[in-house]
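Let me begin by presenting the structure, written as structure tokens, before commenting on it.
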Amino acid sequence: MKGFILNIRKAKNEDVIVTVLSKSIVQKYYRFYGQRHSILQIGNLINFEIQEDNKGFMPRLRKVSHIPFPWIFSNNRLLIWQSFISLFEPHLRDTRAIDSFYFNILLEKANRWHKQNPKRLAIEAYLELLEYEKRLYRSDFCYICNGILENEVGVMRAFIITHPSCIYSKSFNKNEIFRLLSSKSTIEIEDNQIDELFEIVLKGL
Ligand SMILES: [Zn+2]
């Protein structure tokens with residue numbers, strides 16, 4: 001199987017519990033210290049086999065190998081990738097069977113992570129995910145006070161739109177933000193705004 005490592009948690013001794021997102025499942029696996037390798041790093045894409053535990057405990061990870069991307073030696077790109085992919089573990093915590101959308105979108109972005117500003121790719125993936133989960137904001141009214149939105153808007157977690165004053169946030173141009181929500185492309189957004197939007201992405205899925 002192939003999967004992205006979403007989380008690594010210490011278990012007893014030096015063992016670890018690894019949460020892996022594969023095409024159709026999000027699953028926690030047990031990994032013994034004796035088998036531990038540096039390839040177990042959040043965000044890595046791995047190939048692995050599963051060994052079921054005959055006492056009904058957590059399945060184990062076996063024969064793990066790392067499938068590298070060209071950008072893994074770029075510290076900056078790696079850090080942005082790890083902070084982005086870390087958002088998936090809390091989001092999918094109560095999920096087991098899963099649609100291939102989640103694996104596919106991560107794979108698609110990972111394959112382009114070295115070719116573009118990765119923060120742009122993360123924002124676009126975030127928007128695609130919000131649309132897939134039918135959570136894209138589509139109202140002309142502020143989420144907080146229900147008042148009509150004006151030219152400047154504030155942007156909350158999950159790109160929920162408000163008046164800037166209702167959430168004490170930075171102001172964004174309303175038309176630009178709504179174009180971003182409908183196109184899911186960051187092409188019209190300036191780099192300094194990309195940094196600000198990425199900070200909102202990091203608040204969570
Ligand atoms: Zn408001």
Side-chain angles (χ1 to χ4, degrees), residues 4-7 9 19 21 26 42-43 75-113 115-205:
F4 286 99
I5 298 180
L6 298 187
N7 191 36
R9 207 153 49 77
T19 308
L21 168 68
V26 186
I42 289 177
N75 269 342
N76 184 40
R77 284 178 201 269
L78 181 64
L79 284 174
I80 294 170
W81 176 254
Q82 288 179 330
S83 51
F84 177 61
I85 204 168
S86 295
L87 304 174
F88 283 73
E89 196 271 336
H91 185 61
L92 302 175
R93 187 164 288 161
D94 300 320
T95 311
R96 199 152 177 266
I98 197 171
D99 190 274
S100 58
F101 170 85
Y102 297 89
F103 178 85
N104 289 343
I105 199 167
L106 286 173
L107 186 62
E108 183 215 321
K109 303 304 175 193
N111 280 325
R112 289 160 59 199
W113 209 249
K115 295 182 181 161
Q116 277 170 264
N117 177 343
K119 291 183 181 175
R120 288 183 181 270
L121 290 170
I123 292 165
E124 290 168 2
Y126 191 71
L127 288 161
E128 287 165 51
L129 184 142
L130 291 173
E131 172 158 78
Y132 176 79
E133 295 181 348
K134 301 191 169 42
R135 295 196 286 137
L136 261 189
Y137 201 74
R138 302 219 185 261
S139 166
D140 278 330
F141 298 92
C142 167
Y143 178 78
I144 300 290
C145 76
N146 262 323
I148 193 144
L149 296 169
E150 285 150 23
N151 290 336
E152 299 289 306
V153 294
V155 181
M156 283 169 63
R157 175 176 173 165
F159 287 3
I160 289 169
I161 310 302
T162 65
H163 296 120
S165 57
C166 281
I167 56 167
Y168 308 102
S169 95
K170 292 241 4 144
S171 294
F172 295 88
N173 178 284
K174 179 180 132 189
N175 292 334
E176 255 177 44
I177 291 297
F178 274 93
R179 273 202 300 276
L180 171 70
L181 293 185
S182 67
S183 68
K184 293 175 288 304
S185 160
T186 58
I187 202 158
E188 287 186 39
I189 309 286
E190 302 286 339
D191 277 338
N192 63 331
Q193 298 229 307
I194 290 295
D195 287 339
E196 287 160 5
L197 290 169
F198 183 68
E199 289 304 312
I200 297 166
V201 168
L202 292 183
K203 292 180 179 179
L205 295 177

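First listed ligand is number 1; within each ligand, the first listed atom is number 1.
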* To do: Specify whether Y102 and F88 have parallel, tilted or perpendicular ring planes, treating 30° as the upper limit for parallel and 60° as the lower limit for perpendicular.
  => perpendicular

* Asked: Taking atom CG of N192 as the centre, does the number of heavy atoms from other residues, nucleotides or ligands within less than 6.0 Å exceed 12?
  -> yes

* Strictly by modelled atom types, are R112 and Q116 linked by a side-chain donor-acceptor pair under 3.5 Å? -> yes

* To do: For the pair Y126 and F159, evaluate ring-ring contact (aromatic ring centres under 6.0 Å, His included) and give the outcome as yes or no after the intermediate values.
  => CA-CA 9 Å; Y126 191 71; F159 287 3; 4.9 Å; yes

* Taking the inter-plane angle between the rings of F4 and W81 on a 0 to 90° scale, is it parallel (under 30°), tilted (30 to 60°) or perpendicular (over 60°)? -> tilted

* Could you pull out the closest heavy-atom pair between S86 and I42, with the gap in Å? => OG-CG2, 3.8 Å

* Asked: How many N, O or S atoms of the protein are nearer than 2.8 Å to the Zn ion (ligand 1)?
  -> 4

